[in-house]
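As structure tokens, the structure follows; a few thoughts come after it.
Remember, predicted model here, so these are calculated numbers, not experimental data. Letters A, B, ... mirror the listed sequences (proteins, then strands); counts begin at 1.
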Amino acid sequence: MTLYAEVVLSLPVSQAFTYSIPESLSTKALVGSRVLVPFGQRIMTGFIVRLRRKKQSSDIKLKDIVEVLGEEPVFASSFLSFTRKLSDYYYSSWGDVLQASLPPSFILKSQVRVSLTEKGKEAVRKEGLPQEEKELLSFLRDKEYSILFLKRKLKIKNLSALLSRLEKKGLVHMLRDIKRTGHKKAPSVSRSEAQLEMDFSLDSPSRKTADEMASVLGKQVFSPFLLYGSQEKRESVYFYLIRRILEQGRRILFLVPEIALTQALREQFEKRLGEKVALLHSRLTERMRELEWLRIKKGEAHVIVGPRSALFAPVDNLGLIVVDEEQDESYFQPENPSYDARKGAWLRAKQEKAGLVYGSAIPSVSAFYRARRRGYLMELRGRGEKKRVEIVDDRREKGLISRRLAERIATKLKKKESILVFLNRRGYASYLLCSNCNFVPRCVRCDIALAYHKKEKKLICHYCDYQTPAEENCPDCGSRMIRGRGVGIEAVEEELKGIFPQSRIAAFATDLKREEQEKILQGFKRGEIDILIGTQLLAHQADLPQASLVSILYPETLLTLSDYKASQKTFQAISQMMRFLRKKEGAEIIIQTALPHHFSICQAACEDYMSFFEQELNFRRLMKYPPFTHLVEVLFQGESLRFVARQSRGFLSRVRDASRDIEILGPALAPISKLRGKSRIQVILKAKTKKDLDDVLEKLLQSIKVRKSIHVFDL
DNA sequence: AGCACGCCGACT
DNA sequence: GTCGGCGTGCTC
């Protein structure tokens, strides 16, 4: 009997496509199978999400599935439901989500190989062909090439049109086949041979909390928790819970914000639990990723550690998902597909009837608010000693380094103690300007001033990475260029070197190569560097050693952004940097700022999360921001501002017609109003519930004809 | 997302 | 008059 399969493809359309299953594939084609299907002129990898007996409507002729890839379905049906809900929630494509869940090598596509026909070979020898045709044909003289290669090699504008013309004339032959990745030998997987350590130092209040959680988790129902407490205390609770889940024979998904944190965690798990751990992240080689994915799929790994993308690990029998450092914004993925792994973890845990533990010492206000309201907040009491923190008002200072900070640095240098300086801006200055005519060099493709990188003598666009040599004189009037406001770490480095010429100073930034970064970190670790200056990236290094003076410069830069989370981000950034203070007599933190009284800075400085929370929550309530509302940001992008503007206005009027429950902000130029030559217009929709938005957007979003990205915010 | 189809300006 | 640009719309 003929069966039909609904197949989802990685396309920006929400619908599934129906294919008929040929008799020969009927036993292999199952729900969750990875299949090859003909789609237009191409062959694509898709996923069967449903089988049916009958066609839906009789008027379309259906194509056959070409092939079922792999022996077993790649997705369990509960995984399909989970990803479906996730993509609905974020208005992103289900197919994109499914594709992102697999190692890249699992996705096969047809590749067109172009070669000359006999007639074509003759034609090359003859004269009288148009320039472009001649160029292409002689290039193909003795070998076949892929279209992609030809595109890169020859600079022909409309290659595909040219090719189809030549194919019609019978001069070239286009062979469509499936690109298969050759399997190289598996690299040996290094495993730590560390001795098992059975050290679980749970103090008695933490033990009580952990027991309470464990007894709920034992029931194998969806049970969320927000574990609020210091890193150290959280960790012991995690280990305790993980052991209990392992005893039940269930598996654990452990999410962390940064790939950099995964390796250390894996070693810890292997050491302390003796368990089979798998790592899953995008920086693994393609082959490694495939191997780890297969190990997880086969059930050989019991604990899976990774960043946000590990949310899609093929674990079955899931007992617990941990989302550590819940406040970290890197759980949000803006594009392709757009989702937030924190909400994703909720959806998956719910689907799998598993436990869910968010952990943080400084939770996002929305998470804290919800946890407290719905009664799943678990507090681990007993904070460490308060740190010594001083806020220095920068407004009366002449230099970049205040006199007070310089004095404290001098003291530490004398004692041969290490110093960290954080400043969240790369380069030397955020722009250059002409001392005479005020000309500011801007990026040609983005509507933004170019940052000045003095060491490399370059002007760099921090958004699209466009680079150009920095000229000393104004191209317009020839006067000297001077640095604008907004200093970066290079300027701080220069000034510190001027004040402390004897000391060893280094700057750590994204612009450096990986080996250089590693060298600096190692140098600082060994005490060969006295003062280390760095951006947020430095604060994200897992193995950055602590220092006895942590200086935080101008944390208020984040506050100038038009972002409802600006205060929270500032509070979190300062708190995170403060963690690098050595626990030692005389260790101190100096925050140098022009906004010494802003609550996010003061309360971070006095480590008063609760006060920050209350104040920020109040702001969110007054302004009707999450957690009291849901926001959807729709970003329209296109070549012409006119067209993009018209699209956005049209979209908004349709939203207005469709609902009175949606508040509209904009349309307005996006914060980065032009990126890589594309104009950007932003619209923000605000509603009391997500459903208010869904009711309207599910239909309307498909009618947008320009490139768009949609971001959902509820944290 | 690709890719084909279809309608208007600059060339043999 | 054709070529070839890219706007519009479909892909089971």
Side-chain angles (χ1 to χ4, degrees), chain A residues 2-22 25 29 33 35-68 87 91-100 104 107-112 114 127-136 146-148 150-151 154-169 171 174 176 178-179 335-338 636-640 642-644 646-647 650 677-678 701-710:
Chain A
T2 328
L3 264 178
Y4 301 95
E6 282 183 24
V7 173
V8 160
L9 300 162
S10 175
L11 293 172
V13 289
S14 57
Q15 74 201 287
F17 295 86
T18 310
Y19 288 86
S20 46
I21 303 172
L25 297 176
S33 287
V35 294
L36 286 179
V37 291
F39 190 73
Q41 302 299 302
R42 309 172 273 172
I43 300 261
M44 291 184 77
T45 301
F47 311 103
I48 298 181
V49 296
R50 205 177 145 178
L51 295 174
R52 49 169 73 243
R53 288 276 155 80
K54 274 186 169 168
K55 290 202 245 185
Q56 218 150 23
S57 67
S58 49
D59 49 337
I60 26 176
K61 64 244 171 278
L62 298 182
K63 293 184 180 172
D64 272 359
I65 287 176
V66 174
E67 197 180 329
V68 178
S87 62
Y91 310 110
S92 47
S93 142
W94 191 10
D96 279 354
V97 173
L98 291 174
Q99 187 164 115
I107 305 305
L108 311 178
K109 272 183 249 171
S110 60
Q111 209 190 26
V112 182
V114 190
E127 294 299 311
L129 285 166
Q131 176 59 35
E132 283 191 333
E133 294 188 16
K134 191 165 181 198
E135 195 187 339
L136 179 68
S146 75
I147 290 192
L148 204 77
L150 290 172
K151 237 179 216 163
L154 307 165
K155 293 206 169 76
I156 295 173
K157 266 191 197 157
N158 209 340
L159 188 71
S160 51
L162 177 64
L163 282 172
S164 61
R165 236 181 306 135
L166 290 173
E167 192 184 20
K168 266 181 209 148
K169 284 195 208 164
L171 299 181
M174 313 252 275
R176 282 164 236 273
I178 313 303
K179 187 187 159 200
E335 230 68 64
N336 286 312
S338 170
F636 296 78
Q637 292 186 70
E639 232 46 74
S640 111
R642 244 191 143 73
F643 184 65
V644 175
R646 197 172 56 212
Q647 284 286 319
K678 300 259 196 304
L701 284 174
Q702 287 178 41
S703 66
I704 301 174
K705 297 289 179 229
V706 282
R707 218 191 121 182
K708 60 184 186 286
S709 15
I710 302 141

In this structure, how many angstroms lie between the [atom2] atom of [N] and the [atom1] atom of [X], rounded?
| X | N | atom1 | atom2 | value |
| --- | --- | --- | --- | --- |
| Phe39(A) | dA4(B) | CZ | C1' | 13 Å |
| Arg707(A) | dG7(C) | CZ | C1' | 18 Å |
| Asp96(A) | dA1(B) | CG | C1' | 9 Å |
| Lys61(A) | dC12(C) | NZ | P | 7 Å |
| Gln41(A) | dC5(B) | CD | P | 8 Å |
| Ile43(A) | dC3(B) | CD1 | P | 12 Å |
| Lys109(A) | dA1(B) | NZ | C1' | 9 Å |
| Glu6(A) | dC12(C) | CD | P | 15 Å |

Practice item. Could you tell me whether Val37(A) contacts a base, only the sugar-phosphate backbone, or nothing, with contacts defined as non-hydrogen atoms closer than 4.0 Å? Key: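 No contact.
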Practice item. Quick one: label Tyr19(A) by what it contacts on the DNA or RNA (base, sugar-phosphate, nothing), any heavy atom closer than 4.0 Å. Key: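 Counting heavy atoms under 4.0 Å across all strands, the contact made by Tyr19(A) is with sugar-phosphate only.
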**Study point:** Within the 6.0 Å centroid threshold, strictly below: Tyr19(A) and Tyr4(A)
**Key:**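 No, too far apart.
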Check your understanding: Atom OG of Ser20(A) and atom CG of Leu62(A): how far apart are they, to the nearest 0.5 Å?
Key ->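 CG of Leu62(A) is found 5.5 Å from OG of Ser20(A).
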Check your understanding: Between Thr18(A) (side chain) and Glu6(A) (backbone), is there a donor-acceptor pair under 3.5 Å?
Key ->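 No.
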Check your understanding: So, do Ile21(A) and Asp64(A) sit near enough that their side-chain heavy atoms are less than 4.5 Å apart?
Key ->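 SC-SC contact between Ile21(A) and Asp64(A) ruled out.
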